[in-house]
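Contents: one structure, followed by commentary.
To find a chain, count down the sequence lines: A is the first, B the second, and so on, and within it residues start at 1. Just so you know, these numbers come straight off a predicted model, no measurement behind them.
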There are 2 protein chains.
Amino acid sequence: MATHRSDPESDGCELTKVARFDRLDSGVRDALEAICRTHRYRAGQTVARSGETLDTIGCVRSGFLRMQKRLADGRQHVVGLLVEGDMFGRVFDGALHFAIEAATEAEVCTFRRAPFEELLVRMPDLERMVLLNILNELDRARDWMIILSCPRVSGRIAGFLLVLCSRFAGIDHLFRAGRRGPEVRIPISRADLAHLLGTRPESISRGFHALAEAGYIEILRPDRIGIRDLTALAAEAGDDDLALGAGLVGGPRRTV
Amino acid sequence: MATHRSDPESDGCELTKVARFDRLDSGVRDALEAICRTHRYRAGQTVARSGETLDTIGCVRSGFLRMQKRLADGRQHVVGLLVEGDMFGRVFDGALHFAIEAATEAEVCTFRRAPFEELLVRMPDLERMVLLNILNELDRARDWMIILSCPRVSGRIAGFLLVLCSRFAGIDHLFRAGRRGPEVRIPISRADLAHLLGTRPESISRGFHALAEAGYIEILRPDRIGIRDLTALAAEAGDDDLALGAGLVGGPRRTV
DNA sequence: AAACGCACTTGACCCGGGTCATTGTGGACG
DNA sequence: CGTCCACAATGACCCGGGTCAAGTGCGTTT
């Protein structure tokens, strides 16, 4: 990691615990462990700046990172979230086109770039995994474009909730079955959500309350939403096949 | 290619003419040529349907393809354009998540999938190229999200024009230096443009004329736009560094 | 040359949401 | 226990653009 990164603590790293790596054979994994370090970030800390050329490849172990681009007019747009298991950084080349920040407390493990790329060349399995990872990311970006294309803010929120549901299922501090249906935790503020969905905090607020009034969701707390009608949400998002469920935030859609 | 594809004519293929392949050594290229066929499509023809599992990897030789997703509510959203040199289809796995149609007359060459993947495994250079291609696509998708995030339609149009300019520079039937500045050809209809930019044809029209009234562009013909003030366009699009210029429609941003 | 079709343009109307301002609300801290 | 502060919610206002409906221009047909 570049040194300007307000140096979070750092220590070793057990890759076996990261789902995405458990298919690799242990030789590859051992080689990875050797060039891996773990870093911790507090919410709001910068992980990488736009334009920066990272000397590492990163992998999120816990928490959320957001990728965002600051625009000339001051607008700031989030182009994606990174959650547990997601990788970032550029293999073989180049500068980032967006900044990466911790959206919540987060653990990130990093591989030094040169040895990582060497490994890539020597270990086709690993290169294959990286390639599939990137394909996944591409799919998520496209799904995200579909969500953003929704003309009404409430539709975009609905799409986002669907994504959260499918992504968080199984992670019990983010997704639980309440007595009246599933509940998701929104891990980011209204302001971040607004950036994410291309709108303003006020409209996010209005959107949530519109969905609540329609009976599709229940606002248990600002950051805790009860899902009451999944199908209606999908319709609101304009999603025909709940395909968004696999969208935006991580989750391998295919395996090696 | 799957057989339902209203069979365009097809013949051999000279890969050396496709810019993206000219860095590969001739051995790899010969191997590719052996599994390559060229197909021609008329504007509007379907190249691949959403959900279909292509048995080929494709590469655009001329013209435009558009990737689009039809939504439950009838809306239809374009998630990207493919131009000369761009590749599509999925290596190693999976169904397409969107349909691919010819936006204009187009030539496409295809590689049968199984032998292509075999080549990938045997030829690291090729796999590297494919990986970089996908990374490029990802960047373009993110840039496109930035354009789509622009709240005003005129800003989105401005962003689109920037992309066209940078992408078309050098292709003289699409981009020429007129006496009062560069001129780009818009290769698709207002209706398509509306789908692309997440709006309606009427607003596209109004947007163009707003930019024209501001003096940023001149509408020589509906499909032929004179660029008068590149900087103002960039500002309108909210782009701080003209980064969009390398966006959406193809164009390797990095090389092997 | 007249008629037709298609794509683009223009106008009128109205709703969603951006914007600004104000008012809750809950947690941290003295 | 009260103060402070950040965030969320709500209200008022107005502009952009979605929508529906004509109108225009150009190429093609007969």
Side-chain angles (χ1 to χ4, degrees), chain A residues 42-44 71 73-77 103-105 147-161 185-214 217-226 236-238, chain B residues 42-44 71 73-77 103-104 147-161 184-214 217-226 236-238:
Chain A
R42 292 185 303 279
L71 302 179
D73 52 15
R75 275 186 306 135
Q76 181 173 336
H77 200 256
T104 63
E105 180 118 354
I147 293 184
L148 285 182
S149 81
C150 201
R152 288 231 277 312
V153 170
S154 58
R156 273 174 266 165
I157 295 178
F160 179 74
L161 287 175
R185 219 180 79 84
I186 313 284
I188 55 177
S189 73
R190 292 287 189 268
D192 275 339
L193 212 42
H195 283 138
L196 201 55
L197 297 178
T199 180
R200 298 279 157 186
E202 296 92 327
S203 296
I204 294 289
S205 186
R206 280 188 254 269
F208 269 116
H209 287 267
L211 291 176
E213 235 161 277
I217 64 171
E218 185 175 340
I219 303 170
L220 306 168
R221 273 189 1 217
D223 67 334
R224 204 167 273 285
I225 303 294
E236 190 79 17
Chain B
R42 293 186 300 279
L71 302 179
D73 51 16
R75 274 186 307 137
Q76 181 173 335
H77 202 257
T104 64
I147 294 185
L148 285 182
S149 82
C150 201
R152 286 231 277 313
V153 170
S154 59
R156 273 174 266 165
I157 294 177
F160 179 73
L161 287 176
V184 281
R185 217 181 80 84
I186 312 285
I188 55 176
S189 71
R190 293 287 189 270
D192 274 338
L193 212 44
H195 282 137
L196 202 55
L197 298 178
T199 179
R200 298 279 156 184
E202 295 93 326
S203 296
I204 293 289
S205 187
R206 280 187 254 269
F208 269 115
H209 287 267
L211 291 176
E213 235 161 276
I217 65 171
E218 185 176 338
I219 303 170
L220 307 168
R221 273 187 1 213
D223 67 334
R224 203 167 273 286
I225 303 295
E236 190 78 19

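Summarising the geometry, the separation between CG on A:D223 and P on D:dA8 is reported as 9 Å, rounded to the nearest angstrom. Straight-line distance from the CZ atom of B:R221 to the P atom of D:dC26: 11 Å, rounded to whole Å. Going from atom CD1 of A:I225 over to atom P of D:dA8 covers 11 Å, rounded to whole Å. Here the P atom of nucleotide D:dT10 and the CD1 atom of A:I204 are 15 Å apart, to the nearest Å. Rounded to whole Å, atom P of D:dA9 lies 17 Å from atom CZ of A:R200. If you measure from atom CD of A:E202 to atom C1' of D:dG11, you get 11 Å, rounded to the nearest angstrom.
Looking at heavy-atom distances under 4.0 Å, A:S205 makes contact with a base. Here B:P201 lies out of heavy-atom contact (under 4.0 Å) with every strand.
Comparing the helix axis at one end of the helix from C:dA1-D:dT30 to C:dG30-D:dC1 with that at the other, each defined from 5 consecutive pairs, gives an inter-axis angle of 30° (nearest 10°).
One finds the OG atom of A:S205 at 8.5 Å from the CD1 atom of A:I157 (value rounded to the nearest 0.5 Å). Taking CG of A:L197 as the reference point, atom OG of A:S154 lies at 11.0 Å (rounded to 0.5 Å). In this structure, the separation between CD1 on A:I188 and CZ on A:F160 is 4.5 Å, given to the nearest 0.5 Å. Atom CG of A:L148 and atom CD1 of B:I147 lie 13.0 Å apart (nearest 0.5 Å).
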Practice problem: Mind running side chain to side chain contact (heavy atoms under 4.5 Å, CB included) on B:R206 and B:V153 for me, showing each step along the way? | Solution: CA-CA 9 Å; B:R206 280 187 254 269; B:V153 170; over 6 Å; no
Quiz item: Does the side chain to side chain contact (heavy atoms under 4.5 Å, CB included) test come out yes or no for B:I225 and B:I219, once each step is laid out?
Solution: CA-CA 5 Å; B:I225 303 295; B:I219 303 170; 4.1 Å; yes
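In summary, of the residues considered (A:D192, A:I204, A:L193), a side-chain contact (heavy atoms from CB on, under 4.5 Å) with A:I186 occurs for A:L193 alone.
No donor-acceptor distance shorter than 3.5 angstrom exists from the side chain of A:R152 to the backbone of A:E236, with no hydrogens or angles considered.
Comparing B:I188 and B:R206 against DNA chain C, the residue whose closest nucleotide sits nearer the 5' end is B:I188.
In the 5' to 3' direction, nucleotides of DNA chain C lying under 4.0 Å from heavy atoms of chain B begin and end at C:dC8 to C:dA12.
For the salt bridge (Lys or Arg N to Asp or Glu O under 4.0 Å) test, residues two or more places apart in sequence or in another chain that qualify with A:R185 are A:D223.
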